[in-house]
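Comments concern the structure below.
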Amino acid sequence: MFYSDQKKQVKLLNRRTFFLFLIKLSLFSVVGWRLYNIQILDSSKYKTMSKKNQIDLEILFPIRGEIFDRNKVLIAKNDKVYDVYIIPENTKSINNTLNALSQFIDIDFVKRRKVIELSKKVKKFEKIKIFENIPWSTLEKIETNKYSLQGVFIAEDYLRVYPYKDNFSHLLGYISKPNQQELSLPFISKMPNLDIGKEGLEKSFNPILVGKAGQREIEVNSNGRIIREISKIDSIKGEEVSLSIDLRIQEYAINLLKSHRAGSINVLNIKNGEILCMASTPTYDPNKIIQKPNKEYWESILANTLSPLTNRSIQGLYSPGSTFKMIVAIAALKYGIINTDTTHSCSGKIEFGDRLYHCWKTNGHGKMNVTEAIKQSCDVFFYEISKKLGIDKIAEVAKDFGLGQSYGISMPNQKTGIVPNKKWKKEKMGESWYAGETLISAIGQGFVLTNPFQLAVMTSIIASNGKIIEPTIIKSSGVSFKTNDKYYEEIKIIKKAMYKVVNENKGTAFKSRLQSIKFAGKTGTSQVRRISLSERESDDFREKEQEWKNRDHALFVGYMPHDDPKYAISVIIEHGGSGASTAAPIAKQIFNYINELEA
């Protein structure tokens, strides 16, 4: 009996042992299969994952390309600057290090608290920036006392600097950190912390100025601490840009404009389309925008009612006044409305419909032909010819001379202005065009709006006998333009009149003539408010002192030398009074200065 029971127990034990063996075998098979998968079948996958855990890529930011004027003068550069950092793990106490550092550089309560709070959030081996762009004198003190400044180190960086400050503010613009929308731009997508151009040429030339990022492949541990550098590809500096702008002319023009509250001067080389000067005031200093803190300076700019951020040359829209009369005259000659012998008598006003249209000269100019009408800027002559000419023909010619369009000059936010016609008014206002509006347009008022740069291009086309001028902001190596012969004969007549404006008695710019070199041009006075009939007919209307904001805008366009035109100019002085008394003398000074530079 005992033996039988014992035999049963042995059988049960063997059965249990066998089942246990099967379970263990199954477990080892699963583990073995898993290890086989990891180490053999999926080895490449896990090697890659392991490498990603150990290898990190660090972006190396490129240095921004520099900008030069036409004579290789540096007008946007990068200065090496020095920033102060603290590494928490290298200090006994952040507080103690800040106390020691405060002997050499002012650390206010807000700055101190910010650094301490940040040191609690970052990893102990990560660096914390305390100051940027410290003065050289401070750098020397910190380096000299480095032994007592635990955890403090100095790092080099580059700061964009504009040596000529506000002389190029509207042309160059400034740089700053990209916003959320700009981060998607291809040239910045891999460098979200790199400063990019925000306005002007800095913005337009971002793709070539930014350069190409480099990278450093580094091995890091599980905490992110750098162990070693594996490989490095250096960044590539941005390209240089050489502008057509002449620093000397630009500075001279800005200084002339600063004696007035607001205005614009533009100078073009007619031969190759190069922009030598694009000056606009009031200005701002881009260096003060870049350097921090800048809140107070920004607020002062934004609070300025004259809008210093506006580039009046391409963004300011003005009625062109009498400078537009040349376009109307060309159109009237082209369509046979007048010839050089056609005359109209000016008594100081005409009646059309139920309204009086006045000439700027109260008692009138007497009998006028087209050259005399331009020379003395007779309004009545242009009222008369516009009746037969019509607004559509005027608009057609205006566009042929560069008005109502923007140009490929790499300057953002150009405003095209308005060259009105019947269709334009119907589409924009849902109204029909009235004949009286043609008369007002014929003297450059009403709906007609241009920017000062467009007027410089218009003048260049006239001066070059109809060449299709393509302006450029980049220094060119030689270019030739096609000629539009469509207006060749008409332009010859207009150029003769423009010469008379400056160089003959009774010409509106006669007082601004030069003895050293002859130039030609046309004055303009753009009305900014409606003048009542009683004002017009008062004896002292023209002599009365007006509040600045109620004064007319003063304009002048011209070219020199008159016999072989090389330079074209447009000048507008906001609320400067008359073009003859304010804008023409400025053009004279610019032309004289250019002539002296070439002597």
Side-chain angles (χ1 to χ4, degrees), residues 59-70 72-81 132-133 157-215 233-245 247 250 274-275 278 280 283-292 294 298 301 308-311 313-315 406-415 453 470-476:
I59 300 298
L60 302 178
F61 289 174
I63 299 173
R64 194 169 179 83
E66 295 165 321
I67 303 177
F68 298 83
D69 91 325
R70 66 179 300 101
K72 268 307 191 180
V73 178
L74 197 55
I75 58 176
K77 63 176 184 172
N78 307 297
D79 277 357
K80 188 179 287 186
V81 295
E132 58 184 23
N133 191 18
D157 199 358
Y158 288 90
L159 177 71
R160 195 65 159 177
V161 174
Y162 304 98
Y164 297 95
K165 300 178 180 178
D166 62 346
N167 286 311
F168 290 97
S169 56
H170 296 110
L171 272 170
L172 297 178
Y174 56 89
I175 65 171
S176 187
K177 293 284 183 274
N179 58 35
Q180 199 61 40
Q181 186 179 358
E182 290 165 335
L183 288 175
S184 63
L185 295 171
F187 61 84
I188 193 66
S189 57
K190 294 181 180 179
M191 301 178 286
N193 292 318
L194 184 70
D195 287 339
I196 63 170
K198 292 287 190 172
E199 293 291 341
L201 297 175
E202 288 278 31
K203 180 178 180 178
S204 298
F205 291 123
N206 261 328
I208 64 172
L209 287 171
V210 162
K212 293 183 180 179
Q215 66 179 37
I233 300 174
D234 290 328
S235 61
I236 300 174
K237 183 180 177 181
E239 295 179 29
E240 293 180 356
V241 174
S242 292
L243 303 183
S244 60
I245 298 293
L247 166 66
Q250 181 77 12
E274 289 182 343
I275 303 168
M278 185 181 278
S280 172
T283 60
Y284 63 91
D285 186 350
N287 296 304
K288 292 182 180 179
I289 289 177
I290 289 176
Q291 295 178 10
K292 306 292 188 298
N294 62 4
W298 256 119
I301 290 174
L309 294 174
T310 300
N311 182 353
S313 292
I314 57 172
Q315 296 169 343
S406 59
Y407 307 98
I409 57 172
S410 302
M411 290 294 293
N413 306 317
Q414 295 179 55
K415 290 190 176 180
F453 185 70
E470 296 177 13
T472 177
I473 198 80
I474 299 298
K475 188 175 180 181
S476 63

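Along the sequence shown, the residues carry numbers beginning at 1.
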>> Within the supplied structure, the quantity of interest is the number of heavy atoms (other residues, nucleotides, ligands) at a distance under 6.0 Å from E66 CD; does it exceed 12?
In response: yes
>> Main chain of G214, side chain of S235: is a donor-acceptor contact present, judged purely on distance under 3.5 Å?
In response: no
> What pairs with F68 under ring pair (Phe, Tyr, Trp, His ring centres under 6.0 Å), at least two apart in sequence or on another chain?
Replying inline: none
> Mind checking whether I474 and F205 have side chains closer than 4.5 Å, heavy atoms only?
Replying inline: yes
> Quick check: does any side chain N or O of N287 sit under 3.5 Å from a backbone N or O of Y162, one acting as donor and the other as acceptor?
Replying inline: yes
>> Could you measure the distance from the CG atom of N167 to the CD1 atom of I75? Nearest 0.5 Å is fine.
In response: 10.0 Å
>> For K288, I'd like to know if atom NZ has over 12 heavy atoms of other residues, nucleotides or ligands within 6.0 Å.
In response: no
> What's the shortest heavy-atom distance between G173 and P286, and which atoms?
Replying inline: O-CB, 3.6 Å
> How far does OG of S242 sit from CD1 of I473, to the nearest 0.5 angstrom?
Replying inline: 12.5 Å
> If you look at every heavy atom in P178 and I188, which pair is closest and at what distance?
Replying inline: CG-CG1, 4.2 Å
> Does the side chain of V73 come within less than 4.5 Å of Y164's, by heavy atoms?
Replying inline: yes
> For N311 and M411, what are the C-alpha separation, side-chain angles and deciding distance, and is it a side chain to side chain contact (heavy atoms under 4.5 Å, CB included)?
Replying inline: CA-CA 10 Å; N311 182 353; M411 290 294 293; 3.5 Å; yes
> Which heavy-atom pair separates L60 from I233 by the least distance, and what is that distance?
Replying inline: CD1-O, 3.7 Å
> Can you find a heavy atom in the side chain of M278 that is under 4.5 Å from one in the side chain of I409?
Replying inline: yes
> When rounded to the nearest 0.5 angstrom, what is the spacing between CD1 in I290 and CG in D285?
Replying inline: 9.0 Å
> With sequence neighbours excluded, what pairs up with Y407 under the ring pair (Phe, Tyr, Trp, His ring centres under 6.0 Å) test?
Replying inline: F453
> When rounded to the nearest 0.5 angstrom, what is the spacing between CG in L171 and OG1 in T283?
Replying inline: 11.5 Å
> Are any of the side-chain heavy atoms of L159 and N133 separated by less than 4.5 Å?
Replying inline: yes
> If you take all heavy atoms of P62 and G211, which pair is closest and at what distance?
Replying inline: CG-C, 4.0 Å
>> Run the side chain to side chain contact (heavy atoms under 4.5 Å, CB included) test on L243 and L172 for me, step by step, so that the C-alpha distance in whole Å, both residues' side-chain angles and the decisive distance to 0.1 Å come before the verdict.
In response: CA-CA 10 Å; L243 303 183; L172 297 178; 4.3 Å; yes
> Do side-chain atoms of H170 reach the backbone of S313 as a donor and acceptor pair under 3.5 angstrom?
Replying inline: no
> Using 4.0 Å as the upper bound for N to carboxylate O, is an ion pair formed by K177 and E182?
Replying inline: no
>> Looking at every non-hydrogen atom in both residues, tell me the closest pair between I59 and M191 and how far apart they are.
In response: CG2-CG, 4.0 Å
> Hey, what do you get for CG (L209) to CD1 (I175), rounding to the nearest 0.5 Å?
Replying inline: 10.0 Å
> Between N78 and R160, what is the shortest heavy-atom contact and its length?
Replying inline: OD1-NH1, 3.1 Å
> Charged N to carboxylate O under 4.0 angstrom, K72 versus E240?
Replying inline: yes
>> If we ignore hydrogens and angles and just use 3.5 Å, is the side chain of S204 paired with the main-chain N or O of L201 as donor and acceptor?
In response: no
> Tell me, do K237 and K212 make a side-chain contact under 4.5 Å, heavy atoms counted?
Replying inline: no
> Tell me, do I275 and I245 make a side-chain contact under 4.5 Å, heavy atoms counted?
Replying inline: yes
> Is any side-chain heavy atom of L74 closer than 4.5 Å to a side-chain heavy atom of I67?
Replying inline: no
> Less than 4.5 Å apart, any side-chain heavy atom of V81 and any of Y158?
Replying inline: no
>> Between I289 and Y284, does the side chain to side chain contact (heavy atoms under 4.5 Å, CB included) criterion hold? Intermediate values first, please.
In response: CA-CA 9 Å; I289 289 177; Y284 63 91; 3.5 Å; yes
>> Could you go through Y174 and E202, starting from their C-alpha distance and side-chain angles, then the distance that decides it, and tell me whether this counts as side chain to side chain contact (heavy atoms under 4.5 Å, CB included)?
In response: CA-CA 6 Å; Y174 56 89; E202 288 278 31; over 6 Å; no
>> If the threshold is 4.0 Å, N to carboxylate O, is there a salt bridge linking E274 and K475?
In response: no
> If you round to the nearest 0.5 Å, how far is CG of N193 from CG of L183?
Replying inline: 9.0 Å
